[in-house]
Trainee: 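Sharing a structure below in structure tokens format, with a few things to ask.
Numbering of ligands and ligand atoms starts at 1, following listing order. Owing to the predicted nature of the structure, the values given are computational and were not obtained by experimental measurement.
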Amino acid sequence: MQSYLKKDTLDIADKEVYDIICDEHKRQTDHLEMIASENFTSPAVMEATGSIFTNKYAEGYPHKRYYGGCTYADKVELLAISRVKQIFGCGYANVQPHSGSQANMAVYAALLDAGDKILGMDLSHGGHLTHGSRPSFSGQNYQAFTYGVEDDGYIDYEKVRYIAQIVKPKIIICGASAYARVIDFAKFKEIAVEVGAVLMADIAHIAGLIAGGVHPTPFGYADVVTTTTHKTLRGPRGGVIMCDDPDIAKKIDSAIFPATQGGPLVHAIAAKAVAFGEILDPLWKDYATNVVANAKTLADVLASRGYDIVSGGTDNHLVLVSFVGTDITGKIADEALENAGITTNKNSVPNDTRSPFVTSGIRIGSAALTTRGMGENEFKQIANSIADILDDVNDTDLQQTIKTRLMDIAKNFPIYEQATQQRSNT
Ligand code: DSN
């Protein structure tokens with residue numbers, strides 16, 4: 001009998017998909033990727049993501065699986081767990097969440113009953129859908145209350161305290177998707193203790209900076225910490241939950257499997273292990289330091305060109321530009337930048353009166369271009385190009401001229417020669 005396994009490489013097996021991937025490869029390499037939640041994984045991370053572990057079912061946890069043949073799935077999951085514990089200095093980690101949203105869902109499933117009160121940052125002020133936003137399960141299954149930022153773009157911790165004292169939530173969520181300033185985990189803990197709440201830190205955006213020692217850690221303050229693995233951590237798409245309390249840990253394990261997920265994505269877990277190994281390299285600190293330095297350069301140049309930077313600058317990997325009070329919308333700015341080969345995203349900003357589909361701001365991140373090796377010089381040139389484009393968002397000729405210029409910069413900072421690309425050239 002013949003084997004039914006097709007062994008052709010993708011370019012032969014499925015030219016249609018292969019060509020789409022090649023196009024995406026070209027887009028990622030030619031454009032300047034400045035979405036604050038994106039990054040470039042190493043080829044090693046991608047190799048593990050595309051590995052044979054994609055075939056394996058491993059419901060349960062290492063040495064307690066519901067299927068046979070899990071020897072190596074156990075090994076790789078334990079390795080990922082031990083590396084992430086070493087990075088953050090925590091006692092427990094669950095590396096199975098398929099995403100950050102799944103991680104947050106599991107924490108709530110572990111620690112809350114339906115209808116319990118939660119307090120998180122308002123989505124329109126920089127929070128995340130899963131921190132209590134109405135269209136998300138978090139705003140539907142629980143009574144969600146929010147805090148936000150003040151006109152100066154900063155969180156006012158006394159206001160958070162005041163809201164928490166009135167609401168008396170069971171969980172306070174700190175962490176954000178669009179907040180450029182340091183999060184004071186110690187302050188949040190103080191407030192949580194005062195009102196008898198559990199403190200959850202969602203460090204999805206800043207985890208890589210915490211790992212590199214350039215943002216304070218939530219460990220020692222937060223009762224439970226969640227993160228994605230694909231933003232500043234530069235790993236495969238996925239999530240992790242961490243804590244130090246064995247009782248919470250036990251509840252979280254059950255909340256991931258079997259409560260909210262089935263079989264773990266073992267190939268993604270293997271890739272998480274690879275990414276965590278990269279973070280344990282002493283070079284990671286340099287990377288994290290440069291991510292912040294580059295974001296500061298970006299903010300400084302844009303401010304010097306007259307643009308309104310929410311909170312006046314940045315402490316992390318992202319810069320929020322506000323167009324409130326002008327004719328420019330986030331949507332128009334996002335499209336104009338995209339025409340010039342710069343990928344960002346429209347974003348709501350404080351005092352925004354426009355809808356989330358339009359918005360009055362853009363969010364720009366430095367993590368991905370820093371991975372490519374770009375530094376102060378390049379970020380100055382890019383920031384000036386962004387300002388030139390925003391100065392006249394309707395000038396499409398200028399957008400094309402800038403695009404050509406930026407593609408030349410991009411060419412000097414290649415990311416990886418993908419196998420697909422190499423094959424297409426032969
Ligand atoms: N969608 C992510 C971001 O862009 O920040 C958050 O999950």
Side-chain angles (χ1 to χ4, degrees), residues 28 31-41 97-108 118 120-139 144 146 148-149 153 155 173-181 183 200-210 215 225-241 260-261 268 272 275 291-292 295 298 310-311 314-321 330-331 333-334 337-338 342-350 352 356-359 361-371:
Q28 288 193 20
H31 285 66
L32 296 182
E33 182 50 69
M34 303 191 83
I35 291 180
S37 48
E38 293 188 9
N39 213 329
F40 297 110
T41 66
H98 300 333
S99 69
S101 293
Q102 290 294 128
N104 291 349
M105 177 183 264
V107 171
Y108 303 157
I118 65 173
M121 193 164 183
D122 194 315
L123 181 65
S124 66
H125 284 234
H128 188 254
L129 271 170
T130 58
H131 296 180
S133 183
R134 189 66 202 154
S136 143
F137 69 88
S138 62
T146 58
V149 295
I155 295 170
I173 303 133
C174 59
S177 293
Y179 186 63
R181 293 303 183 177
I183 293 172
M200 168 177 142
D202 178 345
I203 58 168
H205 265 265
I206 53 173
L209 308 184
I210 293 167
H215 187 290
V225 178
T226 63
T227 185
T228 53
T229 44
H230 48 272
K231 297 186 176 94
T232 53
L233 281 181
R234 224 169 62 188
R237 306 197 75 78
V240 175
I241 307 174
T260 59
Q261 290 190 177
K272 286 173 189 174
V291 167
V292 177
L298 196 57
V310 175
S311 84
T314 183
D315 297 326
N316 58 27
H317 62 301
L318 68 85
V319 177
L320 262 184
V321 185
K331 185 169 187 288
D334 179 357
L337 292 170
E338 182 72 31
I342 301 170
T343 314
T344 62
N345 65 274
K346 56 181 179 281
N347 216 97
S348 296
V349 288
D352 208 331
F357 294 106
V358 180
T359 79
I362 47 168
R363 186 185 64 163
I364 318 176
S366 61
L369 295 188
T370 306
T371 297

Trainee: Using the rule side chain to side chain donor-acceptor pair (under 3.5 Å), only one of D202, N104, T226 pairs with T130; which is it?
Mentor: N104
Trainee: Under 3.5 Å, N/O to N/O: give me all the pairs between ligand 1 and the protein, one per line with atom names and distance.
Mentor:
{"from": "ligand 1", "atom 1": "4 (O)", "to": "S37", "atom 2": "OG", "distance (Å)": "2.7"}
{"from": "ligand 1", "atom 1": "4 (O)", "to": "R363", "atom 2": "NH2", "distance (Å)": "2.8"}
{"from": "ligand 1", "atom 1": "5 (O)", "to": "H205", "atom 2": "NE2", "distance (Å)": "2.7"}
{"from": "ligand 1", "atom 1": "5 (O)", "to": "R363", "atom 2": "NH1", "distance (Å)": "2.9"}
{"from": "ligand 1", "atom 1": "7 (O)", "to": "H128", "atom 2": "NE2", "distance (Å)": "2.8"}

Trainee: Examine distances only and state if a side-chain atom of T41 and a backbone atom of G235 form a donor-acceptor pair shorter than 3.5 Å.
Mentor: no
Trainee: Check Q261 against H98 and note the closest heavy-atom contact, atom names and distance.
Mentor: OE1-N, 2.8 Å
Trainee: Please find the pair of heavy atoms, one from S133 and one from H128, that lie closest to each other, and give the distance.
Mentor: CB-O, 4.4 Å
Trainee: Look only at the side chain of D334 and the backbone of K331, and say whether a donor-acceptor pair between them is shorter than 3.5 Å.
Mentor: no
Trainee: With sequence neighbours excluded, tell me which residues meet side chain to side chain contact (heavy atoms under 4.5 Å, CB included) with S124.
Mentor: D122, S348
